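Predicted, not measured: the structure shown is a model, and the values here were computed from it. So you know, we letter chains A, B, ... as the sequences are listed, proteins then strands, and number each from 1.
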Amino acid sequence: MTLLLILLLPLVLLPAPVLLRRFPRAAVSSALLAPALILWLLLPLLPAVLQGGVLLWHFDWIPTLGLSLSLRLDALAALFVALISGIGLAVIFYAHHYFAGKPDAPRFFAMILGFMMAMLGIVLSENLLFMLVFWEMTSLISFLLIGFYGQKRISRRGARLSLFITGGGGLALLAAILLMGSVAGSLQISEILAQAELLQQHSSFPWILGLFLLGVFTKSAQFPFHLWLPHAMSAPTPVSAYLHSATMVKAGIFLMMRLYPVFSGTESWFYWVVAIGFITLLVGSFVAIFMHDMKGLLAYSTISHLGLITLLLGYGTEAALTVAVFHLINHALFKAPLFMMAGSIDKAAGTRDLRQINGMARHYPLLAVLSFIPTAAMAGLPYLNGYFSKKLFIVESFQSSGSGWFALLIPALAILGAAFSVGYAIRLFHNTFFNGKPQDIPNWPLPAISGWVYLPLACFAALCLWIGFWPEVVLHQLVEPVVQAAQGNVALASDFSRYDLAVLQQYPWLTGISILTFAGGLALYSTRKALFAWHDSLPTVDAKDIFESWMSWLIERSQQGVHLVENGSLQRYVIYLVLTALLFTSWPLLQLQQWRGELALMPVDPMSAGALVLLMVMAVAVAVLHRQRLIALLFTGATGLLITVGFARFSAPDLALTQFSVEVMAIFIMMLALSFLPQSSPKEKVRYRAKRDAVVATIAGIGVGVLSFAVMTRPQQTISDYFLVNSVPGGGGTNVVNVILVDFRGFDTLGEIAVLAIAALAVFALTRNLRLKGHTPSAEHIDAWHGYAQPYPLILRTLARPLLPMALLVSAYIFLRGHNLPGGGFIAGLITAAALSLQYVACGIRWAQVRMLTQFRPLIGAGLLIAGLTGLGSLWFDHPFLTTWFSYFELPLIGKFELATALLFDLGVYATVVGSTMLILANMGRLMTIHGPGKEIG
Amino acid sequence: MEILVALMLGVLTTCGVYLVLRPRTFSVVLGLTMLSHAVNLFLFSMGRLHSNAPAVIGAAEQHADPLPQALVLTAIVISFAMTAFVVALALRSALELRNDHVDGVDKEEEPI
């Protein structure tokens, strides 16, 4: 539980700095609280963990995906937690003074706390997928922090580049993790470590290794992915000190250590990791010398040190791993203060160009003294922590590099790299604090640096010195448990070999090599003028420019691609849609061995055959004559009516009734619309399109025909027997279709009437403010209408009025009998709507509106409410939603009759159908009137 | 009979798809109507064809499958609502854009 608390602390405190932004001191205190508390919580856990203990905390999150919230604290994780919170503490303290007097600090603190949480998540996760969530989070927060000064173009471009590289690496890592999970059968780290051999022998191991390395190398800025790190230097300096030297870039290293038993020892791991690490080390240290930007120099130095750690991990021996962990600690301790120094000078002087910044020792003597220690540690001077890690590194390269020319090449290059790093360390220190006088400093005279800034610097310097004097303490008490944890040894092994600094005594000539590297470094620095001149003569290549040009090329191409598919033509989208559907359905259909099933065919009678042929003729007529719109519409209506006959013929009386009443309404609406549209369609300009569409449509038709034939001739397995058996005892109705609608599948019906209601409201909204340009009749027109004739036919008017009560009676009858005989709410509603709309047609909308109930929208609402409440009512009696109740009653004269809550539900359906249909019809019809879209109906 | 029904389904689908692919909104509305007829009948045919066997208990010896019927019944009503919506949409787009091409632009044509 403490682990969860450690992880969540920064998140809990995240809003505090922003809320307290008016009180800078309170803001920084609240931000400092998180790392301080984490260290305090970590301290009591340390003894057990350093003895080889593993603390686990587990909570299943999405078990089916293998994703769980599980945390793990062993020595390796504890080291990183300590680094993250310890350096975090120093950086937040430093940032308070760095941002002094600027409003940016609270935003910065909030992001840093978020980052801290993500970083803690990476090192504490026991589940790899869970870890990846935090991994991506660090990339995102790093993106935000690099782009902290988002108004500067350079910041934005640097942020994009880094997100692109680290984000892409995250995807590769995700793939590697999923592959590992599928091979090992689990995503828990402990289980994956236990299956290391299985993984190494699996055929997909090269893929796993490649993707994994891609993921960690991008994060840890290994060649050639190191390019993002120098461009990340546009972030505020505390960010560079924290994310881009001490923590985030070490996440890749951490993961390599975490999964060390899985990968190390294999040949491909050795060659790839050693080679890439070496190239990174050399490139980083070589380029660093030429950097005029202080932070750029430090960035390339970081790259070279990361390369060194990677290289050591590649050796795959326990001794090399020990040195790697040791150097990781040392690097964090000497690089963070150097960034702080660079930031302080940058802030004071207004520039961090090493060509301008010279002779600072006179202005900031204390800073010079405090920076000397980490710089010397970086260069590897005796009695400092860097001294041992560098020496041990050279020893390891002698011991671990195998045989042949490789055995000689590696140590030689290692010494060269060490000389380069001495060179840039001397350059950084000498150039900044000595080397003549400052030149063209923007902030002149130089302001004083706040005394508090020296506090974290002094702490780091003291730690560097302490490790330098007593390296054994750190090696044995801290590094060795970490190495054991990284190797997956849960308890300390009995044959646990203590890494001994005495190894240094075996190579007396090491001191000679040290002197050689210093001499080399000094020589490089003293010939710097010639070197810089040579460097300036080289063509300059800016990774950001190349990246941006690639990006814009990519964006342009993808836009072209998008335009090719999505060109704004709906007509084209429809054909894409149809073709896709054809593609996916025709494939399994073609696999079909036999189209004709084993069921006997139904005998053909001339009447039905004639009707079906007629139906086909009508349908074809619609397609052929579609340009004469009125005629096509009439044929459409005829098709619909013939389908009604078809339903009746094939034992579906309910469907026949529904289809019949719907057909009338639908044709009615289309007729209304047609009066506003052109009466005929123009000839199509593209000739081939009609032919092509005809071919596509025919294929679709053949597909549907074959599919339905194949199904209809095969025996059926249906779940309907249940409904047929239970309709009367369970639902209390003999009309099974209606019982299914209002009882068995009542919830579906509730959804369907809701859809109907929404469609009606949408029509209402669409026609509400419709501007009828040029369609409003002129004054003469209206006069003519009033003067000549009643626009409504006399016979229809006369007949419609007595018809209404009769139709309503019929619909009431259909409604009431629905439960037992064909009928029900849907059909009754449609009949009522047809009867009502006849009044509109016969007598005009104004006449009808004055005399009729027109509150259609409330009617829809009431319908939905009745249906919904009926359903809820069953909850009252402790039954599931929409359970019906029915019983039979005996009344004198009338006889036995049934009361069922299903009838109430059907009433809701009825009201919704009437309301929706009338709302649609009345509003479409309203457009027709001479008043145009005046008052709204419904 | 199954052959005839399958043929009719094929013809309805063909006409529906062909009309949906036409460039004018009104043809598309007609096409959608045709297609929804085809779809409804297709769903209905999944319950196989039956003569004189309505799904009313006591009205016949055998009963047609009531489930596709219930499904199609609501489908008919919803396809009506959809048709009405598409019609309103077509109307609105024709009156606002002054042409009734489905793409909303038809440079060579006179506005209505």
Side-chain angles (χ1 to χ4, degrees), chain A residues 569-571 574-575 601-602 604 612 615-616 619 622-623 626 629 632 636 643 650-655 658-659 662 666 669 673 676-677 681 693-694 697-698 700-702 704-705 708-709 712-713 716 718 720 723-724 727-728 734-737 740-741 752 755-756 759 762-763 766-767 826 920, chain B residues 1-2 4 6-15 17-21 23-24 26-27 29-30 33-34 37 42 45-46 48-50 52-58 63-67 69-70 72-74 76-78 80-85 87-89 91-92 94-95 100 102-103 112:
Chain A
S569 163
L570 294 178
Q571 203 182 355
V574 175
I575 193 133
L601 294 185
M602 186 192 266
V604 182
L612 285 174
L615 198 151
M616 285 187 250
V622 176
H626 74 271
R629 296 181 171 184
T636 310
I643 286 172
F650 295 117
S651 320
D654 285 280
L655 295 192
T658 316
Q659 178 70 44
V662 158
I669 289 173
F676 294 101
L677 296 170
S681 303
D693 292 349
T698 311
I702 291 172
V704 170
S708 64
F709 181 68
M712 275 191 287
T713 51
Q716 181 190 15
T718 174
S720 299
F723 298 130
L724 288 168
S727 177
V728 177
T734 52
N735 181 8
V736 188
V737 176
I740 289 176
L741 282 176
E752 274 145 4
V755 172
L756 184 66
V763 172
L766 275 175
T767 50
F826 274 113
I920 294 169
Chain B
M1 191 67 90
E2 275 83 357
L4 266 177
L7 197 65
M8 178 221 21
L9 273 171
V11 170
L12 273 180
T13 312
T14 307
C15 297
V17 171
Y18 177 76
L19 286 172
V20 164
L21 291 170
R24 301 288 152 178
F26 194 75
S27 317
V29 171
L30 291 184
T33 315
M34 284 284 165
H37 284 329
F42 180 80
S45 75
M46 292 299 105
R48 312 298 185 271
L49 302 182
H50 299 272
N52 299 322
V56 178
I57 308 288
H63 301 295
D65 193 344
L67 195 63
Q69 294 195 13
V72 171
L73 199 151
T74 49
I76 292 172
V77 178
I78 286 183
F80 160 70
M82 185 200 67
T83 307
F85 178 69
V87 166
L89 204 61
L91 203 58
R92 176 123 206 175
L95 292 178
D100 69 338
V102 283
D103 296 346
I112 0 172

Selection from A:Pro653, A:Ala697, A:Ala619 maximising heavy-atom pairs under 4.5 Å formed with chain B:
A:Ala697
Residue, of B:Val29, B:Thr33, B:Thr83, that accumulates the most heavy atom pairs under 4.5 Å with chain A
B:Thr33
Work out which heavy atom in A:Leu741 is nearest to a heavy atom in B:Ala70; give both atom names and the distance.
CD2-O, 3.6 Å
Treating B:Gln69 as the side-chain partner and A:Ser651 as the backbone partner, does any N or O pair qualify as donor plus acceptor under 3.5 Å?
yes
Nearest 0.5 Å, please: how far is CD1 in A:Ile669 from CG in B:Leu91?
11.5 Å
Any side-chain heavy atom of A:Val763 sitting closer than 4.5 Å to one from B:Val87?
no
Find the one option among A:Val755, A:Thr713, A:Val704 whose heavy-atom pairs under 4.5 Å with chain B are most numerous.
A:Val704
A:Val737, A:Asp693, A:Val604: which one forms the most heavy-atom pairs within less than 4.5 Å of chain B?
A:Asp693
In terms of heavy-atom contacts, A:Leu677 and B:Ala94 come closest through CD2-CB, 3.4 Å
Any non-hydrogen side-chain atom of A:Glu752 less than 4.5 Å from a side-chain atom of B:Val77?
no
For a quick test of reading the model, state the closest non-hydrogen atom pair linking B:Phe85 to A:Ala762 and the distance between them.
CE1-CB, 3.4 Å
Could you tell me which portion of A:Phe723 (side chain, backbone, both or neither) has an atom closer than 4.5 angstrom to a non-hydrogen atom of chain B?
side chain
For A:Arg629, the side-chain hydrogen bond (donor to acceptor under 3.5 Å, both in side chains) test, sequence neighbours excluded, returns A:Ser681, B:Asp100
Between A:Leu766 and chain B, which part of the residue has a heavy atom less than 4.5 Å away: side chain, backbone, both or neither?
both
How long is the gap from CG on A:Leu601 to CG on B:Leu4, to the nearest 0.5 Å?
10.5 Å
Partner chain A: residue of B:Val102, B:Val20, B:Leu67 with the largest heavy-atom pair count (under 4.5 Å)
B:Leu67
Shortest non-hydrogen contact from A:Gly701 to B:Thr13?
CA-CB, 3.9 Å
Gap separating the CG atom of B:Leu7 from the CE atom of A:Met616, nearest 0.5 angstrom
4.5 Å
If only atom types and distance count, is the side chain of B:Asp103 paired as donor or acceptor with the main-chain N or O of A:Gln571 below 3.5 Å?
yes
Is B:Tyr18 close to chain A through its backbone or its side chain, or both, or neither, when contacts mean heavy atoms under 4.5 Å?
both
Side chain, backbone, both or neither of A:Ile643 within contact of chain B (heavy atoms, under 4.5 Å):
side chain
Cut-off 4.5 Å, heavy atoms of chain B, and the answer for A:Val662 is both
Using heavy-atom distances under 4.5 Å, tell me whether B:Met34 contacts chain A through its side chain, its backbone, both, or neither.
side chain
Can you see which heavy atom on B:Ala84 is nearest to which on A:Ile920, and at what distance?
CB-CG2, 3.6 Å
Over all atoms of both residues, closest heavy-atom pair of A:Leu756 and B:Ala81:
CD1-CB, 3.3 Å
As an exercise, state the distance from CD1 of B:Ile57 to OG of A:Ser727, rounded to the nearest 0.5 Å.
5.0 Å
Report the distance from atom OG1 of B:Thr74 to atom CD1 of A:Ile740, rounding to the nearest 0.5 Å.
10.5 Å
Step by step, would you call A:Leu615 with B:Leu12 a side-chain contact (heavy atoms from CB on, under 4.5 Å)?
CA-CA 9 Å; A:Leu615 198 151; B:Leu12 273 180; 4.2 Å; yes
Could you list the residues that satisfy side-chain contact (heavy atoms from CB on, under 4.5 Å) with A:Met602, not counting sequence neighbours?
A:Arg649, A:Phe650, B:Met1, B:Glu2, B:Leu49, B:Ser51
If you measure from CE on A:Met712 to CZ on B:Phe42, what distance do you get to the nearest 0.5 Å?
8.5 Å
Is A:Ile575 in contact with chain B via its backbone, its side chain, both, or neither, using a 4.5 Å heavy-atom distance?
both
Please flag which part of A:Leu655 lies under 4.5 Å from any non-hydrogen atom of chain B: side chain, backbone, both or neither.
both
Is there a donor-acceptor contact under 3.5 Å from the side chain of B:Ser45 to the main chain of A:Ser708?
no
Under a 3.5 Å threshold, yes or no: a donor from one side chain and an acceptor from the other, between A:Gln716 and B:Asp65?
yes
Would you say the side chain of A:Gln659 lies within less than 4.5 Å of the side chain of B:His37, judging by non-hydrogen atoms?
yes
Can you say whether A:Val574 sits under 4.5 Å from chain B via the side chain, the backbone, both, or neither, judging by heavy atoms?
both
